[in-house]
2 protein chains.
Amino acid sequence: MNARERLVTSAQELLWERGYGGTSPKAVQERAGAGQGSMYHHFAGKADLTAAALERTAAAERERAESVLGGDGPALERIAAYLRRERPALRGCPIGRHAADPDLVADPALRAPVEQTFAWLRDRLAGIVAEGQRDGELRADVEPAAIAAAVVAAVQGGYVLARAAGAQEAFDLAVDGAVLLVEGLRA
Amino acid sequence: MNARERLVTSAQELLWERGYGGTSPKAVQERAGAGQGSMYHHFAGKADLTAAALERTAAAERERAESVLGGDGPALERIAAYLRRERPALRGCPIGRHAADPDLVADPALRAPVEQTFAWLRDRLAGIVAEGQRDGELRADVEPAAIAAAVVAAVQGGYVLARAAGAQEAFDLAVDGAVLLVEGLRA
DNA sequence: GTCTATATACAGATAGAC
DNA sequence: GTCTATCTGTATATAGAC
């Protein structure tokens with residue numbers, strides 16, 4: 001792997017662990033085994049490198065979600081599978097964690113991958129809910145977009161609860177609750 | 001208000017806006033109109049001041065939650081009132097936002113107020129669900145602790161979605177979805 | 001493409017005068 | 001209790017040699 005690739009990969013790891021504000025160019029360089037000059041040759045600066053790393057992480061997350069949402073089973077089963085996907089909650093969400101950083105959120109180029117990931121995910125889930133309604137599997141009197149947002153929020157909030165509690169169990173419990181609630185949508 | 005109080009208040013504001021890692025002692029001092037010497041006279045350092053500020057914010061948040069949860073109406077109504085309480089979502093949750101900070105979470109004295117706020121909230125909501133089950137208002141076949149965790153998570157995740165989207169509406173939609181889902185618990 | 005040297009600013013604190 | 005001075009380390013670059 002060349003220096004540029006190693007820099008992006010290292011940035012992805014550090015951004016997940018420490019966030020944007022907590023990740024210094026120097027730390028990225030050290031983990032990548034690249035010098036200052038190398039980094040500033042390949043990227044205009046910290047924000048530019050971060051944008052590249054975030055875009056890659058966002059693409060990977062969409063792919064992981066699609067692998068669980070893309071089946072052809074009943075809607076409820078696919079939504080539950082999304083909720084129950086294994087997640088190391090104490091590490092936080094590699095995308096969602098960045099919503100807390102004011103500098104990242106203030107920079108359109110850095111917020112874009114985060115925004116788009118959730119936009120895609122909410123839309124994807126809303127489509128599955130609507131499908132379940134058309135098939136007569138789910139109650140037709142609820143707004144798919146609202147259910148989708150609540151499901152994604154339950155997962156993101158589960159990360160918050162787990163890190164606050166210092167325990168994976170808090171995440172698992174929130175997901176259990178979300179699954180119970182979503183099952184109440186059965187027609 | 002004396003210097004000590006002004007320092008705590010300023011720290012509360014900055015911690016909400018910028019988080020722990022993003023808040024410098026100097027910035028707190030400037031907002032408080034206090035000098036370095038004053039701050040280090042009243043507090044051992046940044047972590048100590050932060051602990052005092054977080055405890056005060058946590059107490060205020062519990063009080064705000066209790067004012068909406070403490071009624072004597074039906075369980076569903078109180079839970080919906082908690083979900084629907086007005087929140088400036090783009091500012092983030094003054095307590096929950098700190099779950100994303102690795103340094104804060106790693107320091108037991110700093111994590112404690114965050115952990116305890118959510119522990120209290122989850123317990124309070126679980127009690128309300130259990131009450132609704134005893135009264136025959138809610139389905140008895142769901143675990144109250146799981147429902148409570150999912151409700152709190154929906155709110156915390158709503159903040160994430162709103163900040164990611166740069167729009168309050170994302171929060172409101174997640175809350176709408178959560179209310180719809182919780183209404184499915186009616187016996 | 002990568003290296004080393006250099007630069008400005010800020011973080012987070014300590015010391016001692018008043 | 002508060003002030004000013006001072007200190008060490010880090011963040012985030014730029015400059016120019018190789």
Side-chain angles (χ1 to χ4, degrees), chain A residues 1-56 97-98 100-111, chain B residues 1-56 97-98 100-111:
Chain A
M1 205 161 48
N2 63 25
R4 196 197 150 91
E5 284 302 301
R6 291 199 313 275
L7 283 163
V8 172
T9 302
S10 300
Q12 288 184 266
E13 293 169 6
L14 280 163
L15 286 166
W16 188 7
E17 293 166 22
R18 310 219 23 102
Y20 179 58
T23 297
S24 69
K26 188 177 178 195
V28 176
Q29 292 152 206
E30 273 164 9
R31 185 170 298 206
Q36 295 239 93
S38 182
M39 184 194 124
Y40 283 100
H41 171 74
H42 291 291
F43 300 94
K46 178 181 173 173
D48 187 39
L49 169 55
T50 299
L54 281 181
E55 274 152 28
R56 196 166 297 187
R97 71 159 353 275
H98 296 114
D101 190 305
D103 295 327
L104 185 144
V105 155
D107 182 334
L110 298 182
R111 185 165 63 80
Chain B
M1 204 160 49
N2 62 27
R4 195 197 150 89
E5 284 302 300
R6 291 200 313 276
L7 284 162
V8 172
T9 303
S10 300
Q12 287 183 267
E13 294 169 7
L14 281 162
L15 287 166
W16 187 7
E17 293 167 21
R18 311 219 19 102
Y20 179 58
T23 297
S24 70
K26 188 177 177 194
V28 176
Q29 292 151 205
E30 272 164 10
R31 185 170 299 206
Q36 294 239 93
S38 182
M39 184 196 124
Y40 283 101
H41 171 75
H42 291 292
F43 300 95
K46 177 181 176 175
D48 187 39
L49 169 54
T50 299
L54 281 181
E55 273 152 28
R56 196 165 297 186
R97 71 161 351 279
H98 297 114
D101 189 307
D103 294 326
L104 185 144
V105 154
D107 182 335
L110 298 182
R111 184 165 62 81

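In this text, all values refer to a predicted model and were calculated from it rather than measured experimentally. Chain naming here is simple, since letters A, B, ... match the order of the sequence lines and numbering starts at 1 in each. Keep in mind that the numbers below use all heavy atoms, side chains included, and drop hydrogens, waters and symmetry copies.
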* Asked: Among all residues two or more places apart in sequence or in another chain, which pass the salt bridge (Lys or Arg N to Asp or Glu O under 4.0 Å) test with A:Glu30?
  -> none
* **Members of residues 18-43 of chain A that approach DNA chain D, where some heavy atom sits under 4.0 Å away** => A:Thr23, A:Ser24, A:Pro25, A:Gln36, A:Tyr40
* To the nearest 10 degrees, what angle separates the axes at the start and end of the helix from C:dG1-D:dC18 to C:dC18-D:dG1, five pairs each? -> 0°
* **CA sep, side-chain torsions, deciding dist, call: B:Asn2, B:Glu5, side-chain contact (heavy atoms from CB on, under 4.5 Å)** => CA-CA 5 Å; B:Asn2 62 27; B:Glu5 284 302 300; 3.2 Å; yes
* Exam field: side chain A:Arg97 to backbone B:Ala100, donor-acceptor pair closer than 3.5 Å -> yes
* Structure fact -> On a heavy-atom basis, the closest approach of B:Gly45 and B:Tyr40 is CA-CE2, 3.8 Å
* Structure fact -> Correct closest heavy-atom pair for A:Leu15 and A:Tyr20 would be CD2-CA, 3.7 Å
* Structure fact -> Across all chains, not counting sequence neighbours, the side-chain contact (heavy atoms from CB on, under 4.5 Å) partners of A:Ser10 are A:Val28, A:Arg31, A:Ala32
* Closest contact, heavy atoms only, B:Ala53 versus B:Gln12 -> O-CG, 3.5 Å
* Taking every non-hydrogen atom, the tightest pair across A:Ala51 and A:Ala109 -> CB-O, 4.3 Å
* May I have the step-by-step check of side-chain contact (heavy atoms from CB on, under 4.5 Å) for B:Arg18 and A:Asp103, ending in yes or no? => CA-CA 9 Å; B:Arg18 311 219 19 102; A:Asp103 295 327; 3.0 Å; yes
* **Those residues of residues 3-11 of chain B lying under 4.0 Å from DNA chain C by at least one heavy atom** => none
* **Nucleotide range of DNA chain D lying under 4.0 Å from chain A heavy atoms** => D:dA11 to D:dT14
* Is any side-chain heavy atom of B:Asp107 closer than 4.5 Å to a side-chain heavy atom of B:Thr50? -> no
* What heavy-atom pair brings A:Gln29 and A:Leu7 nearest, and what distance separates the two atoms? -> CA-CD2, 4.2 Å
* To do: For side-chain contact (heavy atoms from CB on, under 4.5 Å), just list the numbers for A:Val8 and A:Phe43, CA-CA rounded to whole Å, side-chain angles, deciding distance to a tenth of an Å, and then say yes or no.
  => CA-CA 10 Å; A:Val8 172; A:Phe43 300 94; 3.7 Å; yes
